[in-house]
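One structure below.
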Amino acid sequence: MQRRNFIKTAMCVGTIGCLGAMTPVCKDIYEDYKLKNDKFYYKSKDELPKRIRLEACSLCQLKCPACTIRMMEKDMPKDWLGYLKFKDFKKLVDENNIERIELSNNGEIFLNPELNKIIKYAHEKNITLTALGGTNLNTISDETIEALVKYKFQALTVSIDGATPETYKIYRRGGDFNTVINNIKKINLCKKKYNSEFPRLKWQFILFGHNEHEIELAKKKAKELNMGIKFKRNVILTYSPVKNPTLVEKQTGLKIYNKMNGLIKDSFKRQKIYTCYMLFLSPQIDYNGDILGCCRTFKFGGNAFRDGLLNALNSKNYIYAKHMVTDLSTPPLDEVPCSQCITYKYIKEEKSPLTPRDDIQFD
């Protein structure tokens with residue numbers, strides 16, 4: 001029996017060696033295989049992605065009814081909520097060749113008490129910062145506004161799902177429309193003071209049945225505030241669905257769907273399913289350093305602060321996930337978070353593996 005197992009193992013390893021990269025066909029071999037020969041293994045820090053996504057804060061002062069993160073809070077451990085510490089940020093950027101950081105995932109970044117130091121240090125290290133994932137901008141100090149402008153925080157998306165106070169408060173519960181608009185005006189005044197175009201501002205408007213009548217008004221107000229505007233579909237299809245899809249599609253250019261598979265399929269057509277591409281191009285890191293891979297809440301086990309970014313992204317589960325989304329012959333494993341993901345399931349159903357590429361825009 002031992003001799004038979006030895007021969008079986010030798011044949012599997014030999015096959016892998018011939019391919020020049022790990023082909024995860026046999027789970028037992030995969031568990032023991034040295035990953036240094038894998039095509040997705042980073043041999044040095046120089047090979048790591050130059051851009052990452054880093055959660056600045058998972059805390060939020062609002063109670064938006066269709067926010068999946070807020071829905072999950074009661075079932076999450078206490079350490080699930082927190083904020084990025086400056087010492088961890090400094091260590092991460094000092095040890096790696098990072099050029100661009102998207103400070104977002106869950107929560108409100110301006111509730112991070114150490115954010116000003118993070119912004120300043122990133123500027124000193126020539127790192128571009130963005131927050132395209134969105135901020136509700138209900139809470140921001142004058143000092144932070146000046147830091148955004150003075151240290152050239154590149155871009156900021158502000159989530160404003162309504163063009164009047166009455167409509168805004170329906171979804172952004174606990175927020176105040178006039179406060180948000182005044183904070184935008186303060187940023188614009190500071191930009192004028194420093195004669196700076198940064199941060200570039202974008203108004204994000206999630207489409208609901210209760211706010212669709214204010215689409216044109218939102219466009220007008222965004223222009224007055226020197227902001228771009230981005231309309232976004234509501235992915236919680238049971239909450240306040242759009243009432244007049246034909247008109248909304250005409251006004252926004254977005255296709256409105258009543259089924260989740262339609263949303264995902266459309267994203268594939270537009271090459272905008274970027275959640276999986278984050279694994280390769282812009283990995284998501286939790287506020288405490290845990291590797292999430294993409295902008296969802298799955299964890300791969302590695303920690304960028306504790307283990308170092310290189311080791312964390314070279315973990316077995318992380319590398320195996322890359323094979324799963326690019327090679328449909330790779331069987332899913334329960335311990336790899338992607339196995340439970342709706343996007344991965346769609347990839348399998350549609351037989352549409354990802355092709356590694358470097359031109360995805362994560363906005």
key: Test ring-ring contact (aromatic ring centres under 6.0 Å, His included) applied to His213 - qualifying residues, sequence neighbours left out   = none
note = Glu124 meets the side chain to side chain donor-acceptor pair (under 3.5 Å) criterion, sequence neighbours left out, with Lys120
query = Does Asp46 offer a backbone N or O that forms a donor-acceptor pair with the side chain of Lys50 under 3.5 Å?
reply = yes
query = Crowded around Lys232 NZ? As in, over 12 foreign heavy atoms under 6.0 Å?
reply = no
message = Is it the case that over 12 heavy atoms from other parts of the model lie below 6.0 angstrom from the CG atom of Asp94?
response = yes
ask   = With Thr252, which residues qualify under side chain to side chain donor-acceptor pair (under 3.5 Å), at least two apart?
value = none
inquiry  = Does anything in residues 174-201 form a ring pair (Phe, Tyr, Trp, His ring centres under 6.0 Å)? List the pairs, not counting sequence neighbours.
reply    = Tyr168-Phe177
Any pair counted as ring pair (Phe, Tyr, Trp, His ring centres under 6.0 Å), so long as it reaches residues 133-152, sequence neighbours left out = His123-Tyr151
inquiry  = Distance alone, cut at 3.5 Å: any donor-acceptor contact between the side chains of Ser329 and Asp327?
reply    = yes
key: Pairs flagged by side chain to side chain donor-acceptor pair (under 3.5 Å) wherever residues 301-311 is involved - sequence neighbours left out   = Asp290-Asn303
query = Do the non-hydrogen side-chain atoms of Cys64 and Arg172 ever get within less than 4.5 Å of each other?
reply = yes
key: Test side chain to side chain donor-acceptor pair (under 3.5 Å) applied to Asn136 - qualifying residues, sequence neighbours left out   = Gln61, Glu108, Asn138
request  = For Ser339 and Tyr344, work out which heavy atoms get closest and say how close.
outcome  = CA-CD2, 4.1 Å
key: Modelled atom types, side-chain donor and acceptor of Glu102 and Thr130, under 3.5 Å   = yes
query = Does NZ belonging to Lys351 count more than 12 external heavy atoms closer than 6.0 Å?
reply = no
query = Strictly by modelled atom types, are Glu214 and Thr164 linked by a side-chain donor-acceptor pair under 3.5 Å?
reply = yes
inquiry  = Under the ring pair (Phe, Tyr, Trp, His ring centres under 6.0 Å) definition, can you give me all pairs with a residue in residues 229-255, not counting sequence neighbours?
reply    = Tyr171-Tyr239, Phe205-Phe231, Phe208-Tyr239
ask   = Sequence neighbours excluded, which residues qualify as side chain to side chain donor-acceptor pair (under 3.5 Å) partners of Lys150?
value = none
Which pairs of donor and acceptor atoms, one on a side chain in residues 182-189, lie under 3.5 Å apart (sequence neighbours left out)?
{"from": "Asn182", "atom 1": "ND2", "to": "Asn178", "atom 2": "O", "distance (Å)": "3.2"}
{"from": "Asn183", "atom 1": "ND2", "to": "Leu137", "atom 2": "O", "distance (Å)": "2.8"}
{"from": "Asn183", "atom 1": "ND2", "to": "Thr179", "atom 2": "O", "distance (Å)": "3.3"}
{"from": "Asn188", "atom 1": "ND2", "to": "Leu225", "atom 2": "O", "distance (Å)": "3.0"}

inquiry  = Let's go through Lys221 and Glu224 carefully: what are the C-alpha distance in whole Å and the side-chain angles of both, what is the deciding distance for salt bridge (charged side-chain N to carboxylate O under 4.0 Å, His left out) to 0.1 Å, and is it a yes or a no?
reply    = CA-CA 5 Å; Lys221 287 183 177 290; Glu224 291 172 353; 5.2 Å; no
query = Charged N to carboxylate O under 4.0 angstrom, Lys193 versus Glu146?
reply = yes
query = Does one side chain, of Gln204 or Thr157, offer a donor that lies under 3.5 Å from an acceptor on the other?
reply = no
request  = Give me the other members of the hydrophobic cluster that Leu247 sits in, counting Ile, Leu, Val, Met, Phe, Trp and Tyr linked by side-chain heavy atoms under 4.5 Å, directly or via other members.
outcome  = none
task = Decide if the gap between the ring center of Phe40 and the ring center of Tyr318 is smaller than 6.0 angstrom.
result = no
Nearest atoms (heavy-atom pairs only) where Pro353 meets Thr326 = CB-O, 3.5 Å
request  = Could you tell me which non-hydrogen atom of Thr343 sits nearest to which non-hydrogen atom of Cys276, and how far apart they are?
outcome  = CG2-SG, 3.8 Å
task = For Ser159 and Gly134, work out which heavy atoms get closest and say how close.
result = OG-CA, 4.0 Å
query = Do Asn211 side-chain atoms and Ile206 backbone N/O form a donor-acceptor pair below 3.5 Å?
reply = yes
message = For a 4.5 angstrom cut-off between non-hydrogen side-chain atoms, does Tyr83 reach Lys85?
response = yes
Minimum heavy-atom distance Arg53-Met278, with the two atoms named = CD-SD, 3.6 Å
message = If you count every heavy atom of other residues, nucleotides or ligands that lies below 6.0 Å from Lys169 atom NZ, does the total exceed 12?
response = no
message = With a 6.0 Å cut-off (strictly less than), is the heavy-atom count around NZ of Lys220, excluding the residue itself, greater than 12?
response = no
note = Taking every heavy atom of Leu292 against every heavy atom of Phe300, the minimum-distance pair comes out as O-CE1, 3.3 Å
request  = Go through the structure and list residues passing salt bridge (charged side-chain N to carboxylate O under 4.0 Å, His left out) with Lys87, not counting sequence neighbours.
outcome  = none
